[in-house]
Amino acid sequence: MTTVPDVSAASITPVVVRLKLSLLRNGLRQSGGRRAAYIASVVVALLVAALQLLGLIALRGNAHAAAVSLPLVAVLALGWAVMPLFFPSGDETLDPTRLVMLPLRPQPLVRALLVASLVGVGPLFTLCLLTGSVISVAHGATAWVTAVVGVVLALLVCVALARAVAAANIRLLSSRKGRDLAVLSGLVVAVGAQLVNFGAQRLGSSGGLSALDPAADVLRWVPPASAIGAVDSASEGSYGSAVVQLALCGAALAGLLALWSGHLTRLMTSPDGSTLQAAEPAARERGSSGLGRLLPAGRTGTVMERSLRYVWRDPKTKAAWVTSLAIGLIVPVFNALQGTGSAYFACFAAGMLGIQMYNQFGQDTSAFWIVAMTISSTRDAYVELRGRALALLLITLPYATLVTVLTTALLGAWRQLPEVLGLSFALLGAMLATGAWSSARFPYSIPQEGYKNVAPGQAGLAWIAIFGGMVSAALLSAPVIALTIWLNVSADGDRWSWLLLPLGALYGALITLLGLRLAAPRTARRLPEILAAVSKG
C-alpha cells in the first residue's frame, strides 16, 4: 500500500518562499516598464520608510513619543487589513485556492505562507516603522528586550491580519467584481487625504502632540499597538502592564492564525458555491419590481431604472458615484468643522454629482447599441436623455439639500440657506443641460477592465467634454450668481434673499429642459458616431 508522506512545515516553508521569489522574479521579467515601475515604487517606499524612521528616532526623549508611535502602528495595521481588499492582485500567493490540489495540511501551510509573507517591500516598510516606534519609547535594558519581542509580534500580527482578511474574502477577490474593488482605492486615498489634512490642522490648533494622548491611552491595549505599549510600560517600570500588553498581542496573533487556518480548511475542502449562492438573490431581484413600481410608467421609468441599476451594479459607475458623494460631503463639511469654510462651499456637492451627467452614453460602453436601436426620432432621444437626468436628480436633489443644510448648521449661517440652495439648484440644472449636450457631442469610451476611465486616444475628448462643460455650466449659472452677489451687497438684500431658492430652482429646471431639447436632435442624428466612440474601448 502506498502512503502519502506527511508534509511538514520545515519541508514546505522553503518551497513556498522560493515560490514567492519566483513569482516576483518572473513578473518583473515580463516587461521593462514593469521593472521600472517596481524599482521606482521600492525606492519611494524605502525613502518614505527611512524618513519615518528618522522622524521617530528624533522623538526619542520626547514626553509624547508614545502618543505618536501608538496611533502610527494602529494606522499601519489598518492598512494591512484593507490592503488585500483593494490590491488583491499585488501578491499571487494571497490566493490559497491555487494550492487546493496539492496534498498539504492547513497548519503547515499557514506557517509556510506566514514566513513567505515576510518577503517583500511591505514587511520591510512595516519593520522600519515598528523599529522607529520602539526606539522612540524604549529606555533601559528591560525595555530593549521587550522591544525585540514586541517588534516581532507586531509584524506577525500585521501580516497574519492581511492573510486572514484575504482568505476570508478570496472568493470575492478572485472574481471579476472583486477585482473591480480596486477601483475604489482612489476613493480611499481621497478620503484618507482629507482626514489626514483635517487631523493635522486640528492637531496644530489644539496645542501639539498632547492632543493624541487620550487616543494613545486606549491604543496601548489594542494589538498590535499594544506591543509598542508594552515597550513604553517597561520603560516606565510597569512590568506587569508590559507582560499583559505583550500577551494581548500574542493572543491576537494566535486568534488570527486560527481564523486563517479555519478559512484555509474550508477553502481547500469545500466546493466553490459562490456562483450558486449569488444565483438565488439575483433571481429574486429580477422577479421583484419594487423599484419599477415607484418610477414613472413607460420609457422614462425604464430609463431611470436602468440608470439606477448601473449606479448600483457597475463597478466603474459605482466608484464614480461613491467618490463624488464622498468628496461632495467632505469638502464643505470639513471646512465648516475647521471654522474656515463658507456656506457656499455646499454648492460643491451639486457640482460633483452634476459631473455624472457628462458622457452618459459612454457609461453604457458597447451595450449602447441596444439603446441606440430603440431611438428612431428626436422624441425618443429626448425621452432617453430626460430619463437619465431624472435618475440623477433622484439622488442629487436630496443629497445636495442635505449637504447644504448640514453645512449651514455647522456654520450657524441659517440666513444663507435659501440662497445657497437656490444657487446649488441652478448650478445643477446648468450641469445637466451642458452634460446632455456634451454626451451627444463629445462621447468617449470607458474601459471596463483596469484603472483607466478613458480609452486610449480619447483623452482629449474627455477633457473637452468635462472641463468645457463645467465652464459652460458656470457661464449658464451667471444670472443666478449675479443676483446672489447683488442681493448680498444691497442694503435691502436680506429681505429678498429667500427669493433665490424658488428662482434658482425654477431657473435650474428651465435650463435643464432647454439643454435636453437642444441635445435630443443632435443625439438622434449622431447615433452611429456615438456608438462607434463609446464602443472603442
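Sequence positions, counted from 1, serve as the residue numbers for this chain.
- Panel note: side chain Ser439, backbone Met357; a donor-acceptor pair is recorded below 3.5 Å.
- Closest of all the heavy-atom pairs between Ala400 and Leu421 is O-CD2, 4.4 Å.
- A 4.5 Å side-chain heavy-atom check between Val303 and Val371 finds every atom pair outside the cut-off.
- A donor-acceptor contact shorter than 3.5 Å is absent between the side chain of Tyr399 and the backbone of Ala349.
- The two residues Leu487 and Trp496 come nearest to each other via the heavy atoms CD1-O, 3.9 Å.
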Check: Between Thr126 and Val159, does a side chain to side chain contact (heavy atoms under 4.5 Å, CB included) hold up when you go through it step by step?
Finding: CA-CA 10 Å; Thr126 305; Val159 174; over 6 Å; no
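- The minimum heavy-atom distance between Ala473 and Met431, with the atom names listed, is CB-CG, 3.7 Å.
- The shortest side-chain heavy-atom distance between Trp312 and Leu308 does not fall under the 4.5 Å cut-off.
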Checklist line | Chi angles and distances behind the side chain to side chain contact (heavy atoms under 4.5 Å, CB included) call for Leu72, Ile228 | finding: CA-CA 10 Å; Leu72 178 65; Ile228 311 302; over 6 Å; no
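- Arg299 contributes no side-chain N or O that, together with a main-chain N or O of Val383, makes up a donor-acceptor pair within less than 3.5 Å.
- Contact of the Leu432 side chain with the Thr396 side chain is not registered, since no non-hydrogen atoms from C-beta on lie closer than 4.5 Å.
- Between Phe361 and Phe368, the ring planes lie tilted relative to each other; the angle falls in the 30° to 60° range.
- With rounding to the nearest 0.5 Å, the separation of CG in Asn335 from CG in Leu411 is 9.0 Å.
- Applying the salt bridge (charged side-chain N to carboxylate O under 4.0 Å, His left out) rule to Arg386 yields no partners; only residues at least two apart in sequence or on another chain are considered.
- Between Phe345 and Ser342 there is a side-chain heavy-atom pair separated by less than 4.5 Å.
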Tabulate below the donor-acceptor pairs under 3.5 Å that side-chain atoms of residues 44-52 make, not counting sequence neighbours, or state none.
none

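- Across Thr407 and Pro332, no two heavy atoms sit closer than the pair OG1-CB, 3.6 Å.
- Judged as a side chain to side chain contact (heavy atoms under 4.5 Å, CB included), and not counting sequence neighbours, the contacts of Ile481 are Leu423, Ser477, Ile485.
- Remark: Ser324 OG to Trp321 CH2 distance equals 7.5 Å, nearest 0.5 Å.
- Under a 3.5 Å cut-off, the side chain of Gln363 and the backbone N or O of Gln356 do form a donor-acceptor pair.
- Taking CZ of Phe442 as the reference point, atom CD1 of Ile530 lies at 12.0 Å (rounded to 0.5 Å).
- Sorted by first and then second residue, the side-chain hydrogen bond (donor to acceptor under 3.5 Å, both in side chains) pairs with a member in residues 425-434 read Tyr358-Thr434; sequence neighbours excluded.
- With rounding to the nearest 0.5 Å, the separation of CG in Leu501 from CG in Leu417 is 7.5 Å.
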Tell me which donor-acceptor pairs under 3.5 Å the side chains of residues 510-522 have, and how far apart each pair is, sequence neighbours excluded?
residue: Thr512; atom: OG1; partner: Gly429; partner atom: O; Å: 3.2
residue: Thr512; atom: OG1; partner: Gly508; partner atom: O; Å: 2.7

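- Atom CZ of residue Phe348 and atom CD1 of residue Ile330 lie 10.5 Å apart, to the nearest 0.5 angstrom.
- Heavy atoms only, all atoms of each residue included: Leu70 and Ala216 are closest at CD1-O, 3.6 Å.
- Residues passing the salt bridge (charged side-chain N to carboxylate O under 4.0 Å, His left out) test with Glu419, sequence neighbours excluded: Arg415.
- Here Leu390 contributes atom CG and Ile395 contributes atom CD1; the two are 12.0 Å apart, rounded to the nearest 0.5 Å.
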Margin query: Is there a side chain to side chain contact (heavy atoms under 4.5 Å, CB included) between Val73 and Leu130? Walk through the geometry before answering.
Written below: CA-CA 7 Å; Val73 174; Leu130 292 174; 3.9 Å; yes
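- Counting heavy atoms from C-beta outward, Val480 and Phe425 have side chains that stay 4.5 Å or more apart.
- Put simply, the side chain of Ser69 does not reach to within 4.5 Å of the side chain of Leu59, judged on heavy atoms.
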Checklist line | Test log, rule side chain to side chain contact (heavy atoms under 4.5 Å, CB included), inputs Leu406 and Leu329 | finding: CA-CA 9 Å; Leu406 182 59; Leu329 176 67; 4.1 Å; yes
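- In this structure, the side chains of Thr523 and Glu384 stay at 4.5 Å or more apart for every pair of heavy atoms.
- Considering all non-hydrogen atoms of both residues, Ala343 and Val420 come closest at O-CG1, 3.4 Å.
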